[in-house]
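What you see is a predicted model, and the numbers here were worked out from it, not measured in a lab. Because only heavy atoms are used, hydrogens play no part in the values below, and waters and symmetry mates are left out as well, while side chains stay in. Quick note on labels: first sequence line is chain A, next is B, and so on, each numbered from 1.
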There are 2 protein chains.
Amino acid sequence: MNVETARRRFEAYLRERGLRVTRPRMEILELAWSTHRHFSAEELWGWVRERSSTTSRATVYRTLALLVEGGFLAPLDDRSGQMLYEHILGHSHHDHMICLGCGRILEFRNEAIEELQEEVAREHGFHLTGHTLTLEGYCRSCARRRPGLLEGGREEAAGGS
Amino acid sequence: MNVETARRRFEAYLRERGLRVTRPRMEILELAWSTHRHFSAEELWGWVRERSSTTSRATVYRTLALLVEGGFLAPLDDRSGQMLYEHILGHSHHDHMICLGCGRILEFRNEAIEELQEEVAREHGFHLTGHTLTLEGYCRSCARRRPGLLEGGREEAAGGS
DNA sequence: ATATCTGCAAATCGTTTGCATTCGG
DNA sequence: CCGAATGCAAACGATTTGCAGATAT
């Protein structure tokens, strides 16, 4: 999904809700679309300053929240304390693998896992609205640098939560 | 796993590492074992004060971190901003479903999902050390109170992350 | 016109840290 | 003894908020 389309959709979204189409909001949408990586609010706020724009940090946070509500961005908790964001407009749902060595984030989609989740929810009478699946470990290149890992020995004490 | 055993194991763990067995540490372990629910650091700190113990909030945080490192507790991010903890000593790994209505946390374990995760990691040359799978939605009783949900219509804009 | 947005700075909130003191081994 | 652990209060870092002035419709 290109910026143009995203911009148009965001404007439509705002108008539908009686919200205003403002310069700061559009600037933030464009900056969010200026990368294909995951980014944090502070990072985007950095891009704002690089442009010597007067848009404030508070507005960055407020607009990111709006973009998440509207289904333009999805938040991703990488456990570093700050939230990361990624565009989802026009992208199919996927889950993540986070490398504990270099912080790299890999994306994957597994249909069987998706279905099993729905099955589990159904079995428990749980009405599913979303899910978060994050695999933690070491990517190929980081694993190579940590010999102890290669034989398949787990290093962290506990598995997932 | 009862408190007694947990206490003994924690003492052993501390000694092995040349760390000291102190009153605050043992008190915190016991309080952590005084519930079968998920609890937050602040909550445990509340139990400390109820006992009019002199153990400080800082020590609560420091000891919880120690218990996580040692594989006694597992942290669970419920997206409320604070971390929750649960004992895992003697408990098999499981994942969670969090009810957005009442905050209740249901646990489940699905072998097929576990295996598929390992398979996905393997396919990507990723060395898996852990994972987080959290289903979000509404538990049976909360779903009943929200008629719109029953027909299977999704309400939140986006699915998972 | 006028309700919504914005920028600013101060406030939150969970968690962490520096440091002088206390305590376990 | 002596280094590790604690309590205290101050520091932190990401995010949120109150408010007066600016702006979109």
Check against side chain to side chain contact (heavy atoms under 4.5 Å, CB included), B/Arg79 and B/Thr134: CA-CA 11 Å; B/Arg79 301 235 173 185; B/Thr134 306; over 6 Å; no
Side chain to side chain contact (heavy atoms under 4.5 Å, CB included) between A/Asp77 and A/Thr132, worked out: CA-CA 9 Å; A/Asp77 183 356; A/Thr132 302; over 6 Å; no
B/Tyr61/B/Arg57 under side chain to side chain donor-acceptor pair (under 3.5 Å): CA gap, chis, key distance, verdict: CA-CA 6 Å; B/Tyr61 279 96; B/Arg57 173 195 262 114; 5.1 Å; no
Contact letters for nucleotides 9-21 of chain D, in which S counts primed atoms plus P, OP1 and OP2 and B counts the base, heavy atoms under 4.0 Å: -----SBBBB---
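Take B/Arg37 and apply the salt bridge (Lys or Arg N to Asp or Glu O under 4.0 Å) test, not counting sequence neighbours, and it matches no residue. With sequence neighbours excluded, no residue satisfies salt bridge (Lys or Arg N to Asp or Glu O under 4.0 Å) with A/Glu107.
Counting 5' to 3', DNA chain C first comes under 4.0 angstrom of a heavy atom of chain A and last does so at the ends given by C/dA3 to C/dC8.
Minimum interatomic distance between B/Phe108 and A/His124 (heavy atoms only, all atoms of both residues): CB-NE2, 4.0 Å. The two residues A/His127 and B/Ala143 make their nearest non-hydrogen contact at CB-CB, 4.2 Å. Closest heavy-atom contact between B/Ile28 and B/Leu64: CG2-CD2, 4.5 Å. Closest non-hydrogen pair, B/Thr129 versus A/Gly137, comes out as OG1-CA, 3.6 Å.
In this structure, a donor-acceptor pair under 3.5 Å is present between the side chains of B/Arg17 and B/Tyr13.
Taking only side-chain nitrogens and oxygens, B/Thr54 comes nearer than 4.0 Å to OP1 or OP2 of D/dG7.
The distance between atom CZ of A/Phe10 and atom P of D/dA24, rounded to the nearest whole Å, is 15 Å.
At most 12 heavy atoms of other shown residues, nucleotides or ligands fall within 6.0 angstrom of atom CZ in A/Arg104.
Residues of residues 14-27 of chain B that place a heavy atom closer than 4.0 Å to DNA chain C, in numerical order, are B/Arg20, B/Val21.
The six-membered or imidazole ring of B/His131 lies near that of B/His93, with a centre-to-centre distance under 6.0 Å.
With respect to the salt-bridge test (charged N to carboxylate O, under 4.0 angstrom), the residues B/Arg7 and B/Glu4 qualify.
Axis angle between the ends of the helix from C/dA1-D/dT25 to C/dG25-D/dC1, five pairs each and rounded to 10 degrees, works out to 30°.
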